[in-house]
Visitor: 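Let me begin by handing over the structure; questions about it come next.
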Amino acid sequence: MTTLRDVMATDVVTVSSLTPVERAAELMREHELGSLPVVDDGVLTGIVTDRDIVVRGLGQGRYPSTTQVGDVCSREVHTVEPDHTVKVAAKLMRRHALRRIPVVETSDAAGERVRLKGMVSIGDLALVQDPESPLADISQAPPDS
Amino acid sequence: MNPKPIVIDAKSSIERAAEVMRANDVGDVLVVDNGRVQGIMTDRDIVVRAIADYKHPAATLAGQCCSEQPQVISADATADQAIEMMRHHALRRLPVVQDDQLVGILSLGDLAIAEDRRSALADISAAKSNL
């Protein structure tokens with residue numbers, strides 16, 4: 001059975017809570033991503049989306065030049081684990097309308113330190129489940145902008 | 001689809017557009033110039049076309065940040081036809097018109113959760129959050 005370990009991307013672009021929002025925006029454009037995991041001292045602490053930058057940031061008078069990722073990101077992150085199946089990830093992504101989801105491992109028994117191992121995107125899942133699906137094509141196409 | 005598309009003037013600042021997106025909980029606005037639809041601006045457009053270029057939000061206009069004149073689709077078209085149009089033009093959003101009047105915006109997220117691909121676009125309810 002295919003697990004997320006088999007399909008996830010491991011070269012993950014990340015930011016920290018202290019990264020300036022403008023820099024996060026630059027990374028999103030450069031790598032054609034809509035979200036970036038926030039990693040502080042090796043631990044996944046949040047996720048920031050282009051929407052966060054606009055709605056939580058600029059829409060609240062927080063200018064990108066003077067705002068850090070930590071001020072606008074979401075600290076509640078939906079995650080999956082490397083041994084989960086593609087089906088588990090698909091279910092979570094559908095439920096929460098996510099395009100990408102971080103794959104994590106907890107590195108102690110209490111589950112306190114959450115380490116990022118990779119990212120799974122909706123395109124990855126579409127390819128696994130139905131390589132001919134139009135949604136796979138659309139997901140793989142470059143963004144409108 | 002979203003049946004109440006939000007509209008903003010091309011001369012408004014992107015800071016204003018961001019406030020509008022926040023106040024209306026939408027991910028895109030239609031940009032109009034003298035009553036004519038100039039294009040669509042998404043929250044992503046603001047990020048990659050302005051913020052990533054270190055532009056000043058109060059000095060950057062919505063008209064400078066939006067996509068070109070968008071493709072449109074009829075409200076009577078089916079989800080399958082919408083998917084094909086989005087695939088063909090690599091779009092994630094499509095304004096929906098009825099008798100030349102703008103009646104909504106369809107997003108990729110709406111189509112992804114549509115249960116019946118042959119259903120008319122007007123019957124597909126909006127996804128809760130943008131993809």
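Proteins get letters first, then strands, A, B, ... in listed order; numbering begins at 1 in each. These figures come from a predicted structure and were not determined experimentally.
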Visitor: If you count heavy-atom pairs under 4.5 Å with chain A, which of I46(B), I14(B), I51(B) comes out on top?
Guide: I51(B)
Visitor: Quick check: closest heavy atoms across L108(B) and R99(A), and the distance to 0.1 Å?
Guide: CD2-NH1, 4.0 Å
Visitor: Under 6.0 Å from the CZ atom of R115(A), do we count more than 12 heavy atoms belonging to anything else shown?
Guide: yes
Visitor: Write down the atom of V47(B), the atom of A25(A), and the distance for their closest heavy-atom approach.
Guide: CG1-CB, 3.7 Å
Visitor: Do I6(B) and L61(B) belong together in a cluster built from hydrophobic side chains that touch within less than 4.5 Å?
Guide: no
Visitor: Under the 3.5 angstrom rule, does the side chain of R56(A) hit a backbone N or O of R22(B) as a donor-acceptor pair?
Guide: no
Visitor: What closest approach, in Å, do Y63(A) and E15(B) show between heavy atoms, and which atom pair accounts for it?
Guide: OH-OE1, 2.7 Å
Visitor: With a 4.5 Å cut-off on heavy-atom pairs, point out which of E30(A), M28(A), E22(A), Q60(A) contacts chain B the most.
Guide: E22(A)
Visitor: Once you round to the nearest 0.5 Å, how far does CZ of R44(B) lie from CG of L33(A)?
Guide: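 The CZ atom of R44(B) sits 7.5 Å away from the CG atom of L33(A).
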Visitor: Are V38(A) and L18(A) linked, directly or through intermediate hydrophobic residues, by side-chain heavy-atom contacts shorter than 4.5 Å (ILVMFWY only)?
Guide: no
Visitor: Could you check if a side-chain atom of M21(B) sits within less than 4.5 angstrom of a side-chain atom of L58(A), using non-hydrogen atoms only?
Guide: no
Visitor: Heavy atoms only: give me the nearest V48(B)-R29(A) pair and the separation to one decimal.
Guide: O-NH1, 3.0 Å
